[in-house]
K.L.:
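First, the structure itself, so that you have it in front of you.
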Amino acid sequence: MKVAKFGGSSVADSEQFKKVKAIVKGNDDRKAIVVSAAGKSAAEPIKVTDLLIKIEQLRDTGEDYLPTFNHIAKRFVAIRDELGLKVAIEDDLRIIKDQIAQANHDYLVSRGEFLTAKLMADFLGFQFVDASRFMIFNEHHFDFQQSEKRLKSIASSGSRIVVPGFYGVDEDSHIHLMPRGGSDISGSILANLLNADLYENWTDVSGIKMADPRIISQSRKINELTYEELQELSYMGISVFQEEAVQPAKEKRIPIAILNTNHPEEDGTLVVDRVRETAANLVTGIAGKKDYVIISISKYQLSKRLDILSKVFAIIQRFDIAFDYLPSGTDSFSFIAKRSAVSNQLNAVIRALENEADLDNVKLEKDLSLVAVVSDQLGKRPAIAGKILDMLDNSQIQIHLVIQESSDIKLIFGVANQDYEKTIEKIYRNVNMTEKKLRMAI
Ligand SMILES: Nc1ncnc2c1ncn2[C@@H]1O[C@H](COP(=O)(O)OP(=O)(O)O)[C@@H](O)[C@H]1O
Ligand SMILES: N[C@@H](CC(=O)OP(=O)(O)O)C(=O)O
């Protein structure tokens with residue numbers, strides 16, 4: 001059987017609902033459906049999830065949230081009416097409206113998925129199974145055993161179900177919201193719980209592109225990639241698949257297909273354990289994120305000075321900063337974090353490092369982007385890294401740092417924010433132009 005997740009753009013209005021139905025009914029194996037909340041469409045510039053977040057903000061600042069709520073209600077009633085459904089969505093809308101004054105964030109923001117799934121279940125003639133009945137999180141970790149037991153008691157194997165994505169419940173049966181883009185995680189978890197043969201992730205692009213299509217408009221599609229490569233690309237910012245959604249499918253070796261609801265006839269991307277040798281490219285994908293800061297510290301033979309390092313880490317712990325990377329050398333250490341993770345503590349951290357840790361030098365670099373080149377060939381052919389560095393060296397882009405991780409499938413460059421798009425373009429064009437030459441040279 002297959003689990004199929006449909007993203008926000010795939011369920012944005014009644015026309016998109018019809019496309020979903022055609023896909024689901026096109027294959028009898030699509031038995032478990034996960035939906036996101038109605039997303040953006042030509043007529044609707046804001047996702048329902050973001051409208052719900054806006055309601056919470058308006059409520060908290062004492063402003064009138066009713067127009068926003070009414071707008072959401074109208075969207076769902078329109079989908080119901082345009083599809084000729086009978087489901088009494090007004091009853092659910094009334095309950096939600098009555099709750100807004102005292103609702104917590106997770107409950108309120110999860111209602112988009114809840115309402116969308118109710119309508120989709122009715123439209124498909126499938127059983128609506130609320131995620132709050134079986135998706136259990138303990139201390140933020142998903143409880144696979146308990147959840148599987150619960151799911152078995154609700155839906156018999158082989159039954160056709162629609163589940164709202166993006167949330168589950170905690171030990172106290174309160175709604176637990178996943179990170180943004182979390183319906184991908186719900187779909188992957190459900191595929192795991194049901195031992196699916198395939199996890200289909202239906203979105204608005206025909207697969208994962210080698211580089212963000214908003215930067216490279218005709219970016220080449222990745223036909224196949226490994227779970228590890230997808231994990232790295234998602235972590236580095238490709239929004240098409242949530243990074244935490246890889247593991248549940250990977251654990252049971254369930255292939256993931258990224259497909260396009262608007263063009264179901266087009267091939268997408270397949271995520272597997274091992275790509276077929278013929279499908280392997282030297283570089284699988286390029287991804288990145290803007291707005292990082294780097295704090296670099298140095299001291300003679302720092303890597304051996306545990307006394308100093310422990311002072312440094314005590315300071316980091318005191319400020320409770322989550323760093324993404326910590327490249328190090330004999331005399332130096334760098335701490336790389338997203339600007340938002342250090343926010344207004346940056347100056348205080350620098351002062352503490354300068355005054356309390358007995359270092360020779362503390363340097364801060366701001367407004368940097370990280371660009372990652374991901375390929376499971378990198379480990380086998382380290383010369384690829386050299387070729388890319390060479391190419392960047394010949395361009396006008398200043399490279400602030402290079403990190404090659406021990407995972408060996410990712411090479412990261414730090415560049416100025418203003419060079420971010422240019423770096424991705426340069427790597428993309430060069431890799432594609434010289435791929436044949438590189439193949440021969442390495
Ligand atoms: N490398 C990439 N390949 C494909 N899409 C990408 C990539 N990087 C970013 N994206 C963006 O991800 C979007 C799809 O993700 P998302 O908006 O979360 O879809 P959904 O609403 O279906 O879950 C695409 O429209 C595209 O703009
Ligand atoms: N609706 C949620 C969860 C989600 O997965 O959405 P989407 O599939 O549209 O990225 C969000 O916007 O974050």
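Remember, it's 1-based here, ligands and their atoms both numbered in the order they're listed.
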K.L.:
Does a side chain donor of either Asn262 or Asp204 reach within less than 3.5 Å of an acceptor in the other side chain?
P.N.:
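Judged by distance alone, the side chains do not pair up.
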
K.L.:
Between Met210 and ligand 1, which residue portion shows a heavy-atom distance shorter than 4.0 Å: side chain, backbone, both, or neither?
P.N.:
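For Met210, no heavy atom sits under 4.0 Å from ligand 1.
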
K.L.:
Determine, for Tyr107 and Arg111, whether the Lys NZ or Arg CZ falls below 6.0 Å from the six-membered ring centre while staying within 45 degrees of the axis.
P.N.:
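Judged by the rule, Arg111 and Tyr107 form a cation-pi pair.
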
K.L.:
Under 4.0 Å between a Lys/Arg side-chain N and an Asp/Glu carboxylate O for Lys86 and Asp122?
P.N.:
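Looking at Asp122 together with Lys86, the answer is no, because their closest N to O distance does not fall below 4.0 Å.
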
K.L.:
Is there a heavy atom of Ser9 sitting under 4.0 angstrom from any atom of ligand 1?
P.N.:
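Per 4.0 Å heavy-atom rule, Ser9 contacts ligand 1.
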
K.L.:
Tell me which protein heavy atom sits closest to atom 27 (O) of ligand 1, plus the residue, atom name and distance to 0.1 Å.
P.N.:
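Answer for atom 27 (O) of ligand 1: Arg214 NE, 3.6 Å.
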
K.L.:
What about Lys47: any of its N or O atoms under 3.5 Å from an N or O on ligand 1?
P.N.:
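N/O-N/O distance below 3.5 Å does not exist for this pair.
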
K.L.:
Parallel, tilted or perpendicular: which describes the rings of Phe241 and Tyr199, with under 30° parallel and over 60° perpendicular?
P.N.:
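Rings of Phe241 and Tyr199: tilted, 30 to 60°.
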
K.L.:
What residue and heavy atom of the protein are closest to atom 23 (O) of ligand 1, and at what distance?
P.N.:
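Minimum-distance protein heavy atom for atom 23 (O) of ligand 1 reads Lys5 NZ, 3.3 Å.
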
K.L.:
With a sphere of 6.0 Å drawn around CD of Gln145, does it hold more than 12 non-hydrogen atoms of other residues, nucleotides or ligands?
P.N.:
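12 or below, so no.
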
K.L.:
Give me the one residue out of Leu370, Val371, Asp291 that meets side chain to side chain contact (heavy atoms under 4.5 Å, CB included) with Tyr420.
P.N.:
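Testing Tyr420 for a side chain to side chain contact (heavy atoms under 4.5 Å, CB included) against Leu370, Val371, Asp291 leaves exactly one candidate, Val371.
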
K.L.:
Can you tell me if Lys19 has over 12 outside heavy atoms packed within less than 6.0 Å of its NZ?
P.N.:
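Check passes, neighbour count above 12.
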
K.L.:
Hey, would you say the Phe128 and Phe114 ring centroids sit under 6.0 Å apart?
P.N.:
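Phe128 vs Phe114: aromatic centres under 6.0 Å.
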
K.L.:
Which is closest to atom 8 (N) of ligand 1 by heavy-atom distance: Ile215, Asp212, Thr203?
P.N.:
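Minimum heavy-atom distance to atom 8 (N) of ligand 1 goes to Asp212.
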
K.L.:
Between Arg253 (side chain only) and Asp273 (backbone N and O only), is there a donor and an acceptor less than 3.5 Å apart?
P.N.:
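No, Arg253 side chain to Asp273 backbone: no donor-acceptor pair under 3.5 Å.
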
K.L.:
I need the nearest protein heavy-atom contact for atom 7 (C) of ligand 1: residue, atom name and distance, please.
P.N.:
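Residue, atom and distance for the closest contact: Pro213 CD, 3.4 Å.
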
K.L.:
Quick one about Ser375 and Gln377 (side-chain donor to acceptor, distance below 3.5 Å, no hydrogens or angles considered), yes or no?
P.N.:
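There is no such pair (donor and acceptor under 3.5 Å, judged by atom type) between the side chains of Gln377 and Ser375.
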
K.L.:
For Ser239, state whether at least one heavy atom is located under 4.0 Å from any atom of ligand 1.
P.N.:
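Within the 4.0 Å threshold, so yes.
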
K.L.:
Which residue supplies the protein heavy atom nearest to atom 13 (C) of ligand 1, what is that atom called, and how far is it?
P.N.:
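Nearest protein contact, heavy atoms only, for atom 13 (C) of ligand 1 is Asp204 OD1, 4.0 Å.
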
K.L.:
Any protein heavy atom lying closer than 4.0 Å to atom 17 (O) of ligand 1?
P.N.:
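No, there is no protein heavy atom closer to it than 4.0 Å.
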
K.L.:
Find all atoms of ligand 1 within a distance of less than 4.0 Å from any non-hydrogen atom belonging to Gly207, and give their numbers and elements.
P.N.:
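That gives atoms 4 (C) of ligand 1.
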
K.L.:
Do any N/O atoms on Ser10 end up under 3.5 angstrom from N/O atoms on ligand 1?
P.N.:
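No, since none of the N or O atoms of Ser10 sits under 3.5 Å from an N or O of ligand 1.
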
K.L.:
I need the nearest protein heavy-atom contact for atom 1 (N) of ligand 1: residue, atom name and distance, please.
P.N.:
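I find the closest protein heavy atom is Lys209 O, 3.0 Å.
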
K.L.:
Whether Lys290 and Glu421 form a salt bridge (side-chain N of Lys/Arg under 4.0 Å from carboxylate O of Asp/Glu) is what I want to check.
P.N.:
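Answer for the salt bridge query: yes.
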
K.L.:
Does any N or O atom in Gly8 lie less than 3.5 angstrom from one in ligand 1, N or O only?
P.N.:
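Gly8 vs ligand 1: N/O contact under 3.5 Å present.
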
K.L.:
Give the residue and atom name of whichever protein heavy atom lies nearest to atom 15 (O) of ligand 1, and the separation in Å to one decimal.
P.N.:
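Atom 15 (O) of ligand 1 sits closest to the protein heavy atom Val240 CA, 3.5 Å.
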
K.L.:
Using heavy atoms and a threshold below 4.0 Å, how should the contact between Met236 and ligand 1 be classified: side chain, backbone, both, or neither?
P.N.:
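The answer is neither; Met236 stays 4.0 Å or more away.
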
K.L.:
Evaluate the ring planes of Tyr235 and Tyr325, with Trp represented by its six-membered ring, and classify them as parallel (under 30°), tilted (30 to 60°) or perpendicular (over 60°).
P.N.:
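Ring orientation of Tyr235 relative to Tyr325: perpendicular.
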
K.L.:
How about Lys366: does its NZ atom have over 12 heavy atoms from other parts shown lying under 6.0 Å from it?
P.N.:
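No - once you tally the heavy atoms of other residues, nucleotides and ligands closer than 6.0 Å, there are 12 at most.
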
K.L.:
So if I only count non-hydrogen atoms and take anything under 4.0 Å from ligand 2, which residues does that give, chain by chain?
P.N.:
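Residues near ligand 2: Lys5, Gly7, Gly8, Ser36, Lys47, Thr49, Glu113, Phe166, Arg180, Gly181, Gly182, Ser183.
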
K.L.:
Just to verify, what does Phe69 make a ring pair (Phe, Tyr, Trp, His ring centres under 6.0 Å) with, not counting sequence neighbours?
P.N.:
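Once residues adjacent in sequence are excluded, Phe69 has no partner under the ring pair (Phe, Tyr, Trp, His ring centres under 6.0 Å) criterion.
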
